[in-house]
Amino acid sequence: MEEKQNGIVLSGINFSENDKLLNIFTLNKGVVCAKIKGVKKAGAKLKFAAEPFCFAEYIFSKSGDKRTVIGASLIDSFYPIRENIQKFFCAGTVTEFIKHFYQEEMVDEKEFMLTINALKEIAYTDDYLSALVKFLVLALENQGFGLKLDGCFCCENKIEKRTFFDYRNGAFICEKCFDNIGREINGITLSALIEAKDGSLTDEHQGTKKALKLLEYYIKNRTEENIKSLKELNDILT
């Protein structure tokens with residue numbers, strides 16, 4: 001039985017001498033595991049289809065719950081990602097997020113499009129850090145871990161001065177309502193997150209890098225998932 005799916009390579013591991021096992025995030029089947037044969041050989045026809053971040057139409061031979069890639073038509077390789085270490089870790093954070101939060105064959109068309117759009121912005125624009133902030137804010141919301149960005153979590157007023165963050169609720173709290181639970185953050189971090197959600201954030205915003213730090217902290221403590229690529233990126237940016 002053959003099956004066609006548009007998908008993005010999340011990761012791959014070596015399997016036997018010349019083969020690989022790929023994790024591919026597909027539009028209609030979610031994350032699937034598939035063997036791809038002979039791609040470690042020089043000049044292999046499908047070598048491109050096993051590369052990280054490859055976006056292609058894959059043709060699978062399917063037997064039961066096992067898939068083998070037998071063909072692929074490239075849609076986008078997002079090649080500029082490979083030319084910039086910061087872009088590489090931004091894109092790695094995107095694909096690693098999907099691996100952490102999606103079990104096999106969990107279909108989510110909205111998340112698939114978020115992923116494609118994030119990889120495009122990371123690859124082809126100069127605002128790749130803000131593109132990652134936007135992806136994480138929207139993807140966390142899609143997973144039920146959305147940050148509460150509409151003013152103070154307690155009094156609902158706009159936060160004007162000192163800002164505190166409670167990771168348990170993904171909430172921001174004003175100085176008046178702060179009850180010694182949470183950590184103080186720079187107010188520009190909150191403004192960056194708000195702009196990321198509405199799509200207006202750029203890498204020139206002073207809070208963009210701070211927002212990535214806060215998102216790493218929030219994901220690790222609220223969801224108990226450790227996104228290694230995000231940590232590596234923040235280490236580089238520090």
Side-chain angles (χ1 to χ4, degrees), residues 1-15 19-37 39 46-82 87-125 128 131-146 215 219 223 225-233:
M1 174 182 174
E2 289 189 6
E3 175 184 78
K4 285 186 179 182
Q5 294 290 338
N6 286 347
I8 309 154
V9 174
L10 302 178
S11 63
I13 58 172
N14 294 333
F15 182 79
D19 305 342
K20 281 190 171 185
L21 285 177
L22 304 179
N23 280 309
I24 303 173
F25 186 30
T26 68
L27 176 61
N28 297 314
K29 293 292 183 179
V31 178
V32 300
C33 180
K35 182 191 293 187
I36 186 165
K37 297 180 179 180
V39 291
L46 291 176
K47 196 176 188 69
F48 74 91
E51 293 295 317
F53 319 121
C54 176
F55 179 30
E57 181 187 61
Y58 286 88
I59 304 174
F60 301 108
S61 172
K62 193 168 182 289
S63 177
D65 61 350
K66 295 182 179 180
R67 290 178 171 85
T68 301
V69 177
I70 58 173
S73 299
L74 182 66
I75 299 172
D76 200 330
S77 68
F78 304 113
Y79 188 78
I81 288 170
R82 295 163 178 78
K87 288 190 175 192
F88 184 84
F89 282 118
C90 284
T93 299
V94 171
T95 53
E96 201 175 331
F97 183 96
I98 301 300
K99 285 186 65 180
H100 276 278
F101 285 91
Y102 282 85
Q103 299 175 354
E104 284 197 21
E105 304 207 11
M106 183 187 296
V107 178
D108 190 333
E109 293 185 11
K110 181 178 179 181
E111 192 71 33
F112 185 86
M113 294 311 301
L114 279 177
T115 301
I116 293 295
N117 289 334
L119 292 177
K120 283 181 179 178
E121 290 182 36
I122 291 167
Y124 302 119
T125 76
Y128 47 88
L132 177 59
V133 176
K134 179 171 69 173
F135 169 82
L136 290 172
V137 168
L138 296 176
L140 284 165
E141 184 175 70
N142 198 36
Q143 288 294 312
F145 297 108
L215 286 163
I219 291 169
T223 72
E225 298 288 353
N226 186 20
I227 309 295
K228 293 180 181 179
S229 295
L230 182 55
K231 182 182 185 306
E232 293 286 347
L233 175 65

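Across L22 and A49, no two heavy atoms sit closer than the pair CD1-O, 3.7 Å. Considering every non-hydrogen atom in both C90 and L132, the closest pair reads O-CD1, 3.7 Å. The heavy-atom pair separating V39 from A50 by the smallest distance is CG2-CB, 4.1 Å. For the residue pair K35 and D19, the shortest heavy atom distance occurs at CD-OD2, 4.4 Å. Nearest heavy-atom pair across G30 and V107 is N-CG2, 3.9 Å.
In this structure, K66 has no salt bridge (Lys or Arg N to Asp or Glu O under 4.0 Å) partners at least two apart in sequence or on a different chain. For the side-chain contact (heavy atoms from CB on, under 4.5 Å) test, residues two or more places apart in sequence or in another chain that qualify with T26 are Q5, I24, K29, V32. Residues that satisfy the side-chain contact (heavy atoms from CB on, under 4.5 Å) test with Y79, not counting sequence neighbours, are S77, R82, E83. Residues that satisfy the side-chain contact (heavy atoms from CB on, under 4.5 Å) test with F48, not counting sequence neighbours, are L46, C54, A72, L74. In this view, Q103 and M106 satisfy the side-chain contact (heavy atoms from CB on, under 4.5 Å) rule, not counting sequence neighbours.
Taking the six-membered ring where tryptophan is involved, the planes of Y102 and F25 are tilted, since the angle between them lies from 30° to 60°. Ring pair F55/F78 is parallel by interplanar angle, where below 30° counts as parallel and above 60° as perpendicular.
Applying the salt bridge (Lys or Arg N to Asp or Glu O under 4.0 Å) test to every pair with at least one member in residues 96-113, sequence neighbours left out, gives these pairs: R67-E105.
Here the NE2-OG1 distance, from H100 to T95, works out to 9.5 Å after rounding to the nearest 0.5 Å. Once rounded to the nearest 0.5 Å, the distance linking CD1 of I227 with CG of L136 reads 8.0 Å. Once rounded to the nearest 0.5 Å, the distance linking OG of S229 with CZ of F97 reads 13.0 Å. Once rounded to the nearest 0.5 Å, the distance linking CG of L119 with CZ of F135 reads 8.0 Å. The CD1 atom of I219 lies 10.5 Å from the CD atom of Q143; values are rounded to the nearest 0.5 Å. The distance from the CG atom of N6 to the CD1 atom of I116 is 8.5 Å, given to the nearest 0.5 Å.
Counted within 6.0 Å of NZ on K62, heavy atoms from surrounding residues, nucleotides or ligands total more than 12; the atom is thus considered enclosed.
The main-chain N or O of I13 is never found under 3.5 Å from a side-chain atom of K20 such that the two would form a donor-acceptor pair. Under a 3.5 Å cut-off, the side chain of K228 and the backbone N or O of L230 do not form any donor-acceptor pair. Although no hydrogens or angles enter the test, the distance criterion places no donor-acceptor pair under 3.5 Å between the side chain of S61 and the main chain of T68.
In this structure, I98 and F112 have side chains that are not in contact, with every pair of non-hydrogen atoms separated by 4.5 Å or more. The shortest side-chain heavy-atom distance between F101 and N142 does not fall under the 4.5 Å cut-off. Side-chain contact check for I70 versus F60: every heavy-atom pair is 4.5 Å or farther apart.
Side-chain rings of F89 and Y128 stay apart, their centers remaining 6.0 Å or farther from each other.
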